[in-house]
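Read the structure below first, then the notes.
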Amino acid sequence: MIVRDALFVGGSWARPDGAEAIEVGNAATEEVLGRVPAGSPLDVDRAVAAARRAFDEWSRAPVDERAKAVERLGEALGARVPEIGALVAQEVGMPLTMATVIQAALPAMVMGSYGPILREVELEERIGSSLVVREAAGVVAAITPWNYPLHQAVAKVAPALAAGCTVVLKPSEVAPLSAFVLAEAAEEVGLPPGVLNVVTGRGAAAGEALVGHPDVDVVSFTGSTAAGRRVAALAAQTVKRVTLELGGKSPSIVLDDADLEDAVNSAVRQCMLNSGQTCIAWSRLLVPRELHDRAVEVAATVVDGYVLGDPLDPATTLGPVATAAHRDRVRAAIRSGVDEGAALAAGGEAGPGGLDRGWFVRPTVFGGVDNAMSVAREEVFGPVLAVLPYDGEDDAVRMANETIYGLAAGVFSGDRERALRVARRLRAGMVDVNGGGFNMLAPFGGYKQSGYGRELGRHGLDAYFEVKSLQLP
Ligand code: NAD
């Protein structure tokens with residue numbers, strides 16, 4: 001069992017104010033995997049004070065020093081990839097081989113990417129008689145969810161540190177263990193005390209204390225839309241700058257000239273990644289009405305091919321979801337789908353056979369769904385796909401956009417130009433065309449109730465800069 005009993009504050013490991021601990025579960029065994037402090041508002045206060053003290057010097061450190069710091073942090077994380085992959089696989093349920101790449105190696109690379117990005121970005125420009133400078137925005141509260149825990153943390157910490165901000169990170173109470181590895185990496189590379197602080201704890205206590213803290217200048221939040229609304233309202237009391245990366249109900253559109261089997265295969269796999277616990281999951285698959293039955297058949301065959309099991313078992317291709325409560329929520333969403341008349345083509349509410357422990361949900365496919373059903377409207381955040389028939393391209397675009405969310409989408413067509421045309425009509429922050437892959441340098445974020453602000457690449461820096469104009473004689 002991994003016991004973490006201290007918080008990373010001001011460059012050293014501090015005893016938390018209270019004695020309460022949070023237990024972290026192993027999603028596949030239901031055993032306690034670790035224990036971390038439940039940070040209190042007083043812990044948050046100390047961490048914010050440490051970040052404030054560190055700010056003046058760090059924000060004025062030369063660009064090259066900050067660029068080197070994030071590069072070294074990237075290397076330090078890179079040296080611990082197998083360990084991080086195994087931690088997150090157990091916390092979240094993603095199969096180990098995949099977790100090693102996506103949950104560990106990717107964040108190490110994203111961290112390092114901010115070295116070159118910072119060196120290339122224009123920090124000053126002349127506009128007529130003014131010199132316009134971009135300078136660090138201040139102390140950042142970074143609050144992150146459990147599904148890609150280190151990646152989400154790095155997507156905030158890396159650009160914030162590069163920009164010259166100092167950070168208090170509050171990771172998710174469900175998957176906090178990799179945040180301690182990040183703190184150790186900061187120690188190892190000699191990041192100045194207080195530049196990065198890590199306080200674990202629950203949203204209602206540590207999270208709200210951080211968002212409301214008068215000495216925090218910027219809140220960068222990733223999580224559910226419900227918590228995001230609360231965070232934005234709280235932050236408004238002190239007029240903080242806020243970026244929100246929230247939920248989604250993302251569509252993939254298969255056009256009538258696409259290779260149906262290939263497209264459905266890709267769309268289903270994207271939806272099921274990390275057992276559906278992915279904000280950008282394409283949980284609505286839109287297909288031409290005349291191809292609907294065949295698409296459902298292909299989707300059902302794909303999900304029936306998954307091998308459910310412990311993420312640490314190399315044979316496993318689909319793991320459990322992160323907590324018992326979340327498993328119950330996902331199963332309830334499946335029940336609603338059935339109750340509302342969607343046609344269950346694979347999976348279902350009952351647990352998988354042959355697995356006597358672990359928070360598993362069978363990968364589930366519904367056919368004959370329409371946008372009025374809750375399974376098409378609400379983020380399930382589990383391995384559940386809704387297949388919706390449409391009548392013509394305009395109808396597909398209309399249905400794809402008929403959602404309160406706007407995070408991601410996919411378009412498949414035999415004609416690349418046509419796919420691009422449709423992609424441009426979608427009200428979503430990230431649209432993959434014919435299976436175009438994830439790009440860690442491209443802006444990441446949503447439209448509508450999926451949030452505002454962008455992470456990753458050079459766009460990810462914007463949240464952490466203030467812009468000042470100096471009028472010259
Ligand atoms: P969550 O909203 O329950 O929690 C996210 C974080 O916010 C946690 O650290 C939590 O402790 C904290 N928190 C909760 N309530 C808070 C409050 N009132 N004040 C301050 N902090 C608070 O989300 P989750 O269940 O951990 O993650 C799943 C959700 O995150 C899904 O909706 C998913 O779509 C979303 N998500 C979005 C993105 C994106 O980039 N758009 C990425 C990953 C996950």
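Remember, it's 1-based here, ligands and their atoms both numbered in the order they're listed. This chain uses plain numbering: 1 for the first residue, then up along the sequence. As the structure is a computational prediction, the values presented were derived from the model and not from experiment. The figures here come from the full heavy-atom set of this structure, side chains too, leaving out hydrogens, waters and symmetry mates.
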Q | NE2-CG distance between H151 and L106, expressed to the nearest 0.5 angstrom | A | 5.5 Å
Q: Specify the protein heavy atom at minimum distance from atom 34 (O) of ligand 1: its residue, its atom name, and the distance to 0.1 Å.
A: E379 OE2, 2.5 Å
Q: Among all protein heavy atoms, pick out the one at the shortest distance from atom 12 (C) of ligand 1; state its residue, atom name and that distance to 0.1 Å.
A: I143 CG2, 3.6 Å
Q. For atom 35 (C) of ligand 1, which candidate among G203, C279, G223 provides the closest heavy atom?
A. G223
Q. Is E245 salt-bridged to R454, going by a charged N under 4.0 Å from an acidic O?
A. no
Q: Classify the contact between Q152 and ligand 1 as side chain, backbone, both or neither, using a heavy-atom distance cut-off of under 4.0 Å.
A: side chain
Q: Look at atom 9 (O) of ligand 1 and find which of T144, L234, I280 reaches it with the closest heavy atom.
A: T144
Q | Contact with ligand 1 for P171, non-hydrogen, under 4.0 angstrom | A | yes
Q | Identified salt bridge (charged side-chain N to carboxylate O under 4.0 Å, His left out) counterpart of E349 within the set R329, R335, R331 | A | R335
Q: Could you pull out, from S224, A233, A226, the option with a heavy atom nearest to atom 29 (C) of ligand 1?
A: S224
Q. Quick one: does ligand 1 sit under 4.0 Å from the side chain of V231, the backbone, both or neither, non-hydrogen atoms only?
A. side chain
Q: Nearest heavy atom to atom 20 (C) of ligand 1 wins, so pick from A153, G207, A205.
A: G207
Q) Can you check whether a protein heavy atom sits less than 4.0 angstrom from atom 4 (O) of ligand 1? A) no
Q: Return the option from Y405, W146, F221, F444 holding the heavy atom at the smallest distance from atom 7 (O) of ligand 1.
A: F221
